[in-house]
Participant: 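Let me give you the structure first, and then I'll get to my questions.
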Amino acid sequence: MEVVKESYSEATHVVFSERIDGLSKIEDRGVNLAIWQRSPLEIAEPLEELMASGFKQAQFVYTRDQPIEVIGAFLDETIDLRSESAVILWNDIVVLADKMLEICGDQQIGISLDLISHDNCTSFHTDRQNLRLLCTYVGDGTYWLENQNVRRDQLNRNDNESVVVDWQEVRQMRSHWVGLFKGETYRGGKDQAIVHRSPEVLGRKDADRLLLRIDTF
Ligand SMILES: [Fe+2]
């Protein structure tokens, strides 16, 4: 697979894989971002339908004692899509949720599918979170920084200029890629968390994003 420079990194704290199983590498000591670099799914139709439908958000808390298929059923009941390929999208979310459960070992995960049409989280930050999975189905992907490109003592001041050492070295996920981000509460603490931010949408309709987020509690 061709990898563009701005998406790829040779930093040892980031693991790229062409298989979903590579996401499990997030558990390795010293790794704070695992990326599944995959080809875009063939779901243009349901995505267009969803973006045009006035959809804003769907949230679901999944507990381990439920069959995993309830996630797909919830989406099917909550979001009325006519495209036949919607099943591919729902199935993708189920598969990613299942992988997240396997990796984190928790009893519960939070699943959120959001239409993002406003700028939030555009300051580079670390998540106050254990693990977070992100996949941008529509729009620009999440920016992230190699550890060596971060001035950690400048975080939490809403000042990206001070945080980033070299703007030429800012990395970005591609749409449909899946990233598993290590947060501040993962063992190892705050200093091992991956620094990242959302891209701007600036209120431009054509820049709206559809983002899947799966969180540990
Ligand atoms: Fe974040």
Side-chain angles (χ1 to χ4, degrees), residues 3-16 23 25-26 30-38 40 51 56-57 59 96 100 109-186 188-216:
V3 177
V4 296
K5 185 172 177 281
E6 64 268 23
S7 303
Y8 188 65
S9 163
E10 291 188 352
T12 53
H13 62 91
V14 185
V15 175
F16 287 86
L23 293 175
K25 293 276 181 194
I26 195 69
V31 171
N32 58 10
L33 175 60
I35 294 175
W36 177 18
Q37 39 176 180
R38 59 180 185 171
M51 299 295 278
K56 294 270 184 262
Q57 184 180 57
Q59 285 186 315
L96 294 176
M100 182 65 150
I109 49 172
I111 301 166
S112 185
L113 186 64
D114 291 271
L115 181 87
I116 314 242
S117 55
H118 51 274
D119 288 329
N120 59 355
C121 299
T122 53
S123 292
F124 278 107
H125 66 279
T126 51
D127 290 333
R128 293 194 177 92
Q129 186 80 31
N130 192 8
L131 289 175
R132 171 167 284 172
L133 180 149
L134 294 177
C135 174
T136 306
Y137 287 116
V138 176
D140 293 337
T142 303
Y143 292 111
W144 58 274
L145 299 176
E146 294 175 348
N147 289 344
Q148 61 181 20
N149 200 20
V150 179
R151 294 187 190 96
R152 284 190 188 260
D153 59 348
Q154 300 299 313
L155 289 169
N156 303 317
R157 296 182 180 186
N158 290 330
D159 182 4
N160 287 341
E161 292 296 332
S162 302
V163 171
V164 179
V165 175
D166 182 352
W167 284 89
Q168 302 297 313
E169 297 296 322
V170 173
R171 309 296 187 204
Q172 186 174 26
M173 302 265 298
R174 286 189 185 178
S175 62
H176 293 218
W177 281 12
V178 180
L180 196 45
F181 294 67
K182 204 174 262 184
E184 296 175 10
T185 59
Y186 198 90
K190 207 170 167 179
D191 288 342
Q192 48 72 50
I194 184 80
V195 176
H196 62 282
R197 54 159 279 198
S198 300
E200 280 113 354
V201 292
L202 302 166
R204 285 183 6 243
K205 197 76 195 144
D206 62 350
D208 282 357
R209 306 169 63 221
L210 183 71
L211 179 70
L212 172 71
R213 203 179 69 214
I214 304 179
D215 286 335
T216 54

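Residue numbers count from 1 along this sequence.
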Participant: Could you tell me which non-hydrogen atom of Thr185 sits nearest to which non-hydrogen atom of Asn130, and how far apart they are?
Facilitator: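 Smallest interatomic distance, heavy atoms only, reads OG1-N, 3.0 Å.
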Participant: Flag the pair His13 / Leu33 as yes when at least one side-chain heavy-atom distance between them is below 4.5 Å, and no otherwise.
Facilitator: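 Answer no - side chains too far apart.
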Participant: With a 4.5 Å limit on heavy-atom distance, are the side chains of Arg209 and Ser198 in contact?
Facilitator: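 Sidechains of Ser198 and Arg209: in contact.
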Participant: Considering non-hydrogen atoms only, spot the tightest contact between Thr142 and Arg197 and give its length.
Facilitator: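 Closest heavy-atom pair between Thr142 and Arg197: CG2-O, 3.3 Å.
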Participant: Are side-chain heavy atoms of Leu145 and Val163 found at a separation under 4.5 Å?
Facilitator: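 Yes, side chains in contact.
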Participant: Are the side chains of Arg38 and Val178 in touch, meaning some heavy atoms are under 4.5 Å apart?
Facilitator: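 Yes, their side chains come closer than 4.5 Å.
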Participant: Identify the heavy atoms of Ser112 and Gln57 that sit nearest to each other, and give their distance.
Facilitator: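 For Ser112 and Gln57, the tightest heavy-atom pair comes out as OG-NE2, 4.0 Å.
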Participant: Apply the test side-chain contact (heavy atoms from CB on, under 4.5 Å) to residues Glu169 and Val164: give CA-CA distance (whole Å), side-chain angles for both, the deciding distance (0.1 Å), then the verdict.
Facilitator: CA-CA 9 Å; Glu169 297 296 322; Val164 179; over 6 Å; no
Participant: Tell me, do Trp167 and Asn160 make a side-chain contact under 4.5 Å, heavy atoms counted?
Facilitator: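 Sidechains of Asn160 and Trp167: in contact.
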Participant: What is the distance from atom CG of Leu210 to atom CG of Leu113, rounded to the nearest 0.5 Å?
Facilitator: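 The distance works out to 4.5 Å.
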Participant: Under 3.5 Å, side chain of Arg151 to main-chain N/O of Ser162, donor-acceptor pair present?
Facilitator: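 It does hold such a pair.
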Participant: How about Met51 and Asp208: do any of their side-chain heavy atoms sit closer than 4.5 Å?
Facilitator: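 The answer is yes, as the side chains (C-beta and beyond) meet within the 4.5 Å cut-off.
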Participant: How many angstroms lie between atom CG of Asp191 and atom CG of Asn147, to the nearest 0.5 angstrom?
Facilitator: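 Going from CG on Asp191 over to CG on Asn147, the span is 9.5 Å.
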Participant: Side chains of Thr126 and Glu184 only: does a donor on one sit below 3.5 Å from an acceptor on the other?
Facilitator: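 Side chains of Thr126 and Glu184: pair found under 3.5 Å.
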Participant: Would you find a donor on one side and an acceptor on the other, under 3.5 Å apart, between the side chain of Asn149 and the backbone of Asp166?
Facilitator: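 Yes, because the side chain of Asn149 sits within donor-acceptor range (under 3.5 Å) of the backbone of Asp166.
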Participant: Return yes if some donor-acceptor pair links the side-chain N/O of His125 with the main-chain N/O of His196 below 3.5 Å, else return no.
Facilitator: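 Between the backbone of His196 and the side chain of His125 there is a qualifying donor-acceptor contact (under 3.5 Å).
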Participant: For the residue pair Gly183 and Gln192, what are the closest heavy atoms and their distance?
Facilitator: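 Heavy atoms only, the tightest pair is O-NE2, 3.0 Å.
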Participant: Is the ring pair Phe16/Trp144 parallel, tilted or perpendicular, if the boundaries are 30 and 60 degrees?
Facilitator: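 Tilted, since the angle between the ring planes falls between 30° and 60°.
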Participant: Is it the case that the side chain of Thr216 and the backbone of Leu131 share a donor-acceptor pair, with hydrogens and angles ignored and the cut-off at 3.5 Å?
Facilitator: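 A pair under 3.5 Å: yes.
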Participant: Could you check whether Asn158 and Ser123, counting side-chain N and O atoms only, form a donor-acceptor pair closer than 3.5 Å?
Facilitator: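 Distance-only check passes for Ser123 and Asn158.
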Participant: Are the side chain of Arg174 and the backbone N or O of Gly141 linked by a donor-acceptor pair below 3.5 Å?
Facilitator: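 No, Arg174 side chain to Gly141 backbone: no donor-acceptor pair under 3.5 Å.
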Participant: What pairs with Phe124 under ring-ring contact (aromatic ring centres under 6.0 Å, His included), at least two apart in sequence or on another chain?
Facilitator: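 For Phe124 there are no ring-ring contact (aromatic ring centres under 6.0 Å, His included) partners, ignoring immediate neighbours.
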Participant: So how far is it from Arg213 CZ to Met100 CE, rounded to the nearest 0.5 Å?
Facilitator: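 So the gap between those two atoms works out to 10.5 Å.
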Participant: What's the shortest heavy-atom distance between Val201 and Ile116, and which atoms?
Facilitator: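 Minimum heavy-atom separation between Val201 and Ile116: CG1-O, 4.0 Å.
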Participant: A quick test of your reading: do over 12 heavy atoms of other residues, nucleotides or ligands sit less than 6.0 Å from CD of Glu10?
Facilitator: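 Not more than 12 within 6.0 Å, no.
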Participant: Give me the ring orientation class for Tyr137 and His176: parallel if the planes are under 30° apart, tilted from 30 to 60°, perpendicular past 60°.
Facilitator: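 It falls in the perpendicular class, over 60°.
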Participant: Taking the side chain as C-beta and beyond, is there a heavy-atom pair between Val165 and Glu146 under 4.5 Å?
Facilitator: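 No, every pair of side-chain atoms sits at 4.5 Å or beyond.
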Participant: Can you spot which of Met173, Arg171, Gln172 makes a side chain to side chain contact (heavy atoms under 4.5 Å, CB included) with Tyr143?
Facilitator: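 Exactly one option meets the side chain to side chain contact (heavy atoms under 4.5 Å, CB included) with Tyr143, and it is Gln172.
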Participant: What pair of heavy atoms forms the shortest contact from Arg157 to Asp153, and how long is it?
Facilitator: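 The answer is NH2-O, 3.8 Å.
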